[in-house]
Amino acid sequence: MKGLLLRLSALDPDAATAVRVIAHFEALLGTTVDATALVRSTAGLAECPAGLELADGRTMRFGPDGVALPGEPGEVSGAVALAPAGRVWLERPGGPGPLDDLVLEWMAVAARMPNSGPARSAAPHVADPALVELVLSEREAVQDRARALRLLGLAPEVPLRVVAVAGGDADPGVRAVAVLGRSALRGTVRMAGVGPLGVALIQRRDGAASPAAELLEVVRGDGGGPSGPGGPWATARGVRMGVGGAAAPLEAGISWAQARAALRFAVADDPMEAVTDHDALGAVALLADIPPERLRAQPDVRTLEQVAGREGGELNLAALAAFCRTGSLRQAAAALHLHHSSVAARLAHVEDATDWRLRDPQDRFRAQLALYARRLAAAG
């Protein structure tokens, strides 16, 4: 598509724009798009107000900035009727543009689709990576980021969260779809691959609650599907996810940075720690600001590396992590599917190597910080 656009641009700028129009609506038709997202994205594409009248008489209008417009239509420069009732239109001062007929015909096709009813949560779907990168960028102009949000069908006034997905052998965007597509994520979800990571933009009109719990359901294999070879946990093996905090859409880069920081704390193939929520980390997130080489040089981290290098060392550290996380020998054993006496023996090995007394809250806190620091040093 990119090569075709370049060739068409050299021959006929309008032809290149027509291909962009068609590609935009074909992408919409491949998703569960609601009427609100359709009108908002069309207004952003056409760079003028757009409107839709439903068969039951309800109308909606959005300006090119993605903001809902009240009242009756202004100067309607072009319209297409819908059957059995309703219409779509553009409001362009000075008369229709050269490609407005094409935009309206495709808008009408999308509006006639059965899933283009009143606004509701849209199913997760793959988005244009270039648009997602534009939304996440802090270097691009505000108006460019706002237009990218509109084209993605995201509201500029509703907070969003960014989820970073890593791991597995598949393309990052494909991996994100494979995992997040199994989840019961509420709201509008747009997914794409950005460099080596999968990215999801999540927007919820009923609040900015973190999706971490819903993602953990998938990772743990209890997200409603089978847990066998084709179940959620099989799909999520090797995957890590970091959840950024809620941010204004035009400041999505902040949530993106937080998601990548949280991702460094996540542990692949651990159904308890494969998803990390930046908000839940609290002050611990500040560890991510320390250069990896300084973390590796820290004495407690070096001690844990020595423990890991011994026979059964990684299993001993897994027991340590579970115990620090739960604060209970029996809960740690249940999380690791081991007998509590086995976990106690592994913790004893760690205590012998470190001189920590893990029943002491101060030593346990120190051990948890060292585990985080070792994890961050390894993640780079």
Look at the side chain of Ser255 and the backbone N and O of Val162, then say whether any donor-acceptor pair between them is shorter than 3.5 Å.
-> yes
Salt bridge flag under 4.0 Å for residues Arg346 and Glu311 | no
In terms of hydrophobic clustering (I, L, V, M, F, W, Y; side-chain heavy atoms under 4.5 Å; direct or indirect links), are Val142 and Leu160 co-clustered?
-> yes
Does Glu138 reach the main-chain N or O of Glu251 with its side chain, forming a donor-acceptor pair under 3.5 Å?
-> no
Check whether any side-chain N or O of Arg87 sits under 3.5 Å from a backbone N or O of Leu82 as a donor-acceptor pair, and report yes or no.
-> no
So, Arg364 side chain and Cys324 main chain: donor-acceptor pair closer than 3.5 Å or not?
-> no
Determine yes or no for a side-chain-to-main-chain donor-acceptor pair under 3.5 angstrom, with Ser77 supplying the side chain and Leu90 the backbone.
-> yes
So with a 6.0 Å cut-off around CZ of Arg302, is the heavy-atom count from everything else above 12?
-> yes
Evaluate the side-chain proximity of Leu320 to Leu371: yes if any heavy-atom separation is below 4.5 Å, no if none is.
-> yes
So how far is it from Arg40 CZ to Leu45 CG, rounded to the nearest 0.5 Å?
-> 14.5 Å
Which heavy atom of Arg204 sits nearest a heavy atom of Gly187, and at what distance?
-> CG-CA, 4.0 Å
Going by distance alone, is a donor N or O of one side chain under 3.5 Å from an acceptor N or O of the other, for Asp279 and Ser210?
-> no
Taking 4.0 angstrom as the limit, do Glu314 and Arg374 come out as a salt bridge?
-> yes
Do you reckon Met241 sits in the same ILVMFWY cluster as Leu216, going by side-chain contacts under 4.5 Å, direct or chained?
-> yes
Donor-acceptor pair, Gln368 side chain versus Ala321 backbone, under 3.5 Å?
-> no
Main-chain N/O of Leu201 paired to Arg161 side chain as donor or acceptor, under 3.5 Å | no
Given Glu91 and Arg61, is the salt bridge (Lys or Arg N to Asp or Glu O under 4.0 Å) satisfied, shown in steps?
-> CA-CA 10 Å; Glu91 304 171 31; Arg61 301 168 59 228; 2.8 Å; yes
Indicate yes or no for a side-chain donor-acceptor contact from Thr303 to the backbone of Thr354 under 3.5 Å, with no hydrogens or angles considered.
-> no
Arg92/Glu75 ion pair, N-O < 4.0 Å | no
Tell me yes or no: between the side chains of Gln258 and Trp256, is some donor less than 3.5 Å from an acceptor?
-> no
Can you tell if the side chain of Leu329 reaches within under 4.5 Å of the side chain of Leu347, non-hydrogen atoms only?
-> yes
Do Leu197 and Leu131 belong together in a cluster built from hydrophobic side chains that touch within less than 4.5 Å?
-> yes
Is a side-chain N or O of Asp100 found less than 3.5 angstrom from the main chain of Gly97, in a donor-acceptor match?
-> yes
Any idea which heavy atoms bring Val199 and Leu136 closest together, and the distance?
-> CG1-CD1, 3.9 Å
Tell me, with the steps shown, if Arg375 and Glu273 meet salt bridge (Lys or Arg N to Asp or Glu O under 4.0 Å).
-> CA-CA 12 Å; Arg375 194 178 300 175; Glu273 296 196 82; 3.1 Å; yes
Without swapping roles, check the side chain of Thr42 against the backbone of Leu38 for a donor-acceptor pair under 3.5 Å.
-> yes
